Amino acid sequence: FAQGMNLLKGGTKLTGIVLSSDIPDENLINACRRIKEKYPKHNLVAITPFASPVKRKECLSAGCSNVIPKPIKQRELLASIQNMYILSQI
């Protein structure tokens, strides 16, 4: 997580970030909140094995624009990336 935050600090042109629940040094929900605090215009997609409505609501409340359950379906991931791109153009 720290490496990713350093990349964002460096002025990268990224506007969309896909986050996995397997972040080694940070909790997914906290990571989403921290990114949205510093970079509110970035679009976030969470990938998690916990697809319960409660976990989905937590991720969306933390600033994610979408939550994708594992196992990942390629079509769903591509649609989320496309939506992040569209949102970044608004």
Side-chain angles (χ1 to χ4, degrees):
F1 179 77
Q3 289 176 323
M5 289 299 281
N6 286 334
L7 179 67
L8 291 172
K9 286 180 195 174
T12 181
K13 294 181 181 181
L14 292 175
T15 58
I17 302 168
V18 177
L19 294 157
S20 173
S21 60
D22 300 330
I23 301 169
D25 56 344
E26 184 64 85
N27 167 292
L28 176 64
I29 302 300
N30 290 336
C32 293
R33 286 187 182 125
R34 288 177 60 189
I35 292 170
K36 288 304 269 189
E37 283 174 11
K38 291 188 181 225
Y39 308 97
K41 293 186 179 187
H42 283 58
N43 297 295
L44 307 177
V45 171
I47 298 176
T48 178
F50 311 107
S52 72
V54 172
K55 181 56 104 175
R56 181 174 177 75
K57 186 176 179 179
E58 273 186 292
C59 290
L60 295 173
S61 294
C64 291
S65 53
N66 195 11
V67 181
I68 300 174
K70 290 182 180 178
I72 301 167
K73 294 182 178 94
Q74 183 180 14
R75 179 175 285 161
E76 189 172 2
L77 178 60
L78 292 174
S80 285
I81 292 170
Q82 183 178 22
N83 286 339
M84 281 193 299
Y85 175 76
I86 291 167
L87 289 172
S88 73
Q89 302 302 306
I90 297 174

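Bear in mind the structure is a predicted one, so any value in this text is a computation, not a measurement. Hydrogens, waters and symmetry mates play no part in the numbers below; they use all other heavy atoms, side chains included.
S65 is not listed as a side-chain neighbour of L44, based on a closest heavy-atom distance of 4.5 Å or more. No side-chain heavy atom of P69 sits under 4.5 Å from any side-chain heavy atom of P49. Side-chain contact between L28 and L19: present, with at least one pair of heavy atoms (C-beta onward) separated by less than 4.5 Å.
Its side chain within the 4.5 Å cluster rule, L60 clusters with V67 among the Ile, Leu, Val, Met, Phe, Trp and Tyr residues. Hydrophobic side-chain contacts under 4.5 Å tie I29 to no other Ile, Leu, Val, Met, Phe, Trp or Tyr residue.
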Listing, residues 72-86 side-chain donor-acceptor contacts under 3.5 Å, not counting sequence neighbours, or none:
from: S80; atom 1: OG; to: N66; atom 2: ND2; distance (Å): 2.5
from: S80; atom 1: OG; to: E76; atom 2: O; distance (Å): 3.3
from: N83; atom 1: ND2; to: A79; atom 2: O; distance (Å): 3.4

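Interatomic distance, CD1 of I35 versus SG of C64, reported as 8.5 Å (0.5 Å rounding).
For residues 57-71, the pairs satisfying salt bridge (Lys or Arg N to Asp or Glu O under 4.0 Å) are D22-K70, K55-E58, with sequence neighbours left out. Identified under the side chain to side chain donor-acceptor pair (under 3.5 Å) test for residues 30-48, with sequence neighbours left out: E26-R34.
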